[in-house]
Asks: 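One structure is given below, represented as structure tokens, and several questions about it will come after.
Remember, it's 1-based here, ligands and their atoms both numbered in the order they're listed.
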Amino acid sequence: MIVLGIETSCDDTSLAFFSPGRGVIGELTANQLIHEKYGGIVPEVASRAHMKNLLPVFNALVSKSGLAPVDIGGIGVSNGPGLIGSLLVGVSFAKALAFSLGRPVVGVHHIEAHILSNELGGEELRTPAVVLVVSGGHTCLYKMSTIGRYELVGNTRDDAAGEAFDKIAKLLDLGFPGGPAIDAAAKSGNPRAVEFPRAMTKQDNFDFSFSGLKTAVRLYVEGLKDLPRETICDIAASAQEAIVDILVQKTMACAARHRVSDVYLAGGVAANGRLRERLAAECERRGVTYHAPLLHYCTDNGAMVACAAAKHLAQGRDDKLDLDVFTRGPVTSWV
Ligand code: KG4
Ligand code: ZN
């Protein structure tokens, strides 16, 4: 079955065709660069841009994939968590298409799609496992007993890791989105230049907090007379190291507590070079197998939604025209 995946939960309009046998058949994304000038995503602007982009992206994807709409066997769409207006555009489009083609449509939890993006490299997920989901809106640890059965075992108390990257980049005038900019600047910086706080690492739980780090960086920057490029790179590297230290420490403790031998990364921040390097090294040191999505599938994309939808559709699920959107909430189990 060829599945169309639709992702519009935030600022990317991303569509893909996926089949369980063939993998990704075609994919196309329209990024919304318009938000750069605001230094963050403006929800109303995002939903209007999805309205403008969705049909042209769909038509271009169909023709570039050499398919016709009737070849679509089922449709999956991110229906939450995310920006309500953005989600509504994608879900309305998905329902209209499913109705006109007479095909099933399923809502996909955006975080489950990120988790399952680990299969887009061609390997089936190994369970039980611990998954670190790190994105612009989430920083959580899930125990995945099997595909479709998830338990939220750790969460952020305030900012998400991606939000911390974005806000720190803004303080350093590195542009938006901040994660890739910090990742790049940190390559020429010294991660030991400034000792930023590592919140909650002494606590015996799997929760996170990043708002103190953001404040510490702000106070440090305010105390400087000027901000030459080398200092920016040192601060970027030091802040990144603090974030990575926290993420790696909590993930490894969680894997040990739940006695799993597989650890997965997922979400936009999974693209971070230092996080991938440090988590891989720590897993190897402790005899745990490390897995991360292909770089291309870390940030929001339609392929991960199609891949997750294929599993739901295979169970015979069809949400029909009742499908609704939601703004928050953890992944729920469905097996
Ligand atoms: O998963 P995603 O595309 O959207 C959400 O679901 O939130 O994640 C976006 C987040 C942004 O905060 C962005 O700055 C961060 O992922 N990000 C990175 C990197 N690439 C994207 N953070 C650190 N290093 C990166 N290379
Ligand atoms: Zn995401």
Side-chain angles (χ1 to χ4, degrees), residues 5-14 29-33 35-36 39-41 43 46 50 77-83 86-87 90 108-118 120 131-140 142 156 159-172 174-187 189 191 210 213-214 236-237 239-248 264-279 292-305 307-308 326-331:
I6 303 173
E7 165 56 45
T8 65
S9 67
C10 194
D11 61 331
D12 295 320
T13 315
S14 185
T29 300
N31 302 114
Q32 300 183 6
L33 302 175
H35 301 283
E36 262 171 42
I41 292 154
H50 285 305
V77 58
S78 278
N79 67 325
L83 303 172
S86 293
L87 290 164
V108 169
H109 194 293
H110 181 77
I111 298 301
E112 184 178 34
H114 271 303
I115 295 172
L116 298 181
S117 71
N118 276 286
L120 293 171
V131 192
L132 171 67
V133 182
V134 264
S135 71
H138 298 86
T139 298
C140 24
Y142 279 95
T156 181
D159 293 350
E163 211 175 340
F165 272 109
D166 293 337
K167 287 176 177 167
I168 291 166
K170 204 167 176 179
L171 289 170
L172 299 175
L174 286 172
F176 182 85
I182 297 233
D183 197 347
K187 291 201 167 63
F210 293 104
L213 172 64
K214 176 191 66 193
Q240 175 177 270
E241 201 66 8
I243 296 173
V244 169
D245 269 348
I246 300 166
L247 295 174
V248 170
Y264 285 87
L265 256 181
V269 181
N272 185 266
R274 187 69 178 147
L275 175 60
R276 292 170 84 98
E277 175 187 292
R278 290 273 317 279
L279 191 59
L294 298 175
L295 268 185
H296 176 64
Y297 293 121
C298 287
T299 44
D300 293 350
N301 62 86
M304 67 182 193
V305 178
C307 174
F326 60 95
T327 49
R328 53 185 64 239
V331 187

Asks: Walk me through it: do Phe210 and Leu247 pass the test side chain to side chain contact (heavy atoms under 4.5 Å, CB included)?
Replies: CA-CA 11 Å; Phe210 293 104; Leu247 295 174; 3.9 Å; yes
Asks: What protein heavy atom is closest to atom 15 (C) of ligand 1, reported as residue, atom name and distance in Å?
Replies: Val269 CG2, 3.9 Å
Asks: Please find the pair of heavy atoms, one from Gly136 and one from Ala160, that lie closest to each other, and give the distance.
Replies: O-CB, 3.6 Å
Asks: Ignoring waters, how many N, O or S atoms from the protein are under 2.8 Å from the Zn ion (ligand 2)?
Replies: 3
Asks: Of all residues at least two apart in sequence or in a different chain, which pass the salt bridge (Lys or Arg N to Asp or Glu O under 4.0 Å) check with Arg276?
Replies: none
Asks: For a side chain to side chain contact (heavy atoms under 4.5 Å, CB included) check, start with the C-alpha distance between Asp300 and His110, then their side-chain angles and the critical distance, and finish with the verdict.
Replies: CA-CA 9 Å; Asp300 293 350; His110 181 77; 3.1 Å; yes
Asks: Please enumerate all residues that pass salt bridge (Lys or Arg N to Asp or Glu O under 4.0 Å) together with Glu163, with sequence neighbours excluded.
Replies: Lys167
Asks: Which of these, Thr13, Asp11, Thr8, sits in a side chain to side chain donor-acceptor pair (under 3.5 Å) with His50?
Replies: Thr13
Asks: Who are the side chain to side chain donor-acceptor pair (under 3.5 Å) partners of Asp166, not counting sequence neighbours?
Replies: none
Asks: Between His110 and ligand 1, which residue portion shows a heavy-atom distance shorter than 4.0 Å: side chain, backbone, both, or neither?
Replies: side chain
Asks: With heavy atoms of Gly137 as the reference, note each atom of ligand 1 found under 4.0 Å away.
Replies: 7 (O)
Asks: With atoms numbered from 1 as shown, which atoms in ligand 1 lie under 4.0 angstrom from a non-hydrogen atom of Asp183?
Replies: 24 (N), 25 (C), 26 (N)
Asks: Would you mind reporting whether Leu275 and Val134 have side-chain heavy atoms less than 4.5 Å apart?
Replies: yes
Asks: Is it the case that the side chain of Tyr142 and the backbone of Ile111 share a donor-acceptor pair, with hydrogens and angles ignored and the cut-off at 3.5 Å?
Replies: no
Asks: Please report the closest heavy-atom contact between Pro43 and Ser86, naming both atoms and the distance.
Replies: O-OG, 4.5 Å
Asks: Check each of Ala169, Ser78, Gly136 against atom 5 (C) of ligand 1 and report the one with the nearest heavy atom.
Replies: Gly136
Asks: Heavy atoms only: which of Gly268, Gly179, Gly82 lies closest to atom 21 (C) of ligand 1?
Replies: Gly268
Asks: Where does Asn272 meet ligand 1, judged by heavy-atom distances below 4.0 Å: at the side chain, the backbone, both, or neither?
Replies: both
Asks: Can you figure out which of Thr299, Ile243, Ile111, Asp166 has its heavy atom closest to atom 11 (C) of ligand 1?
Replies: Asp166
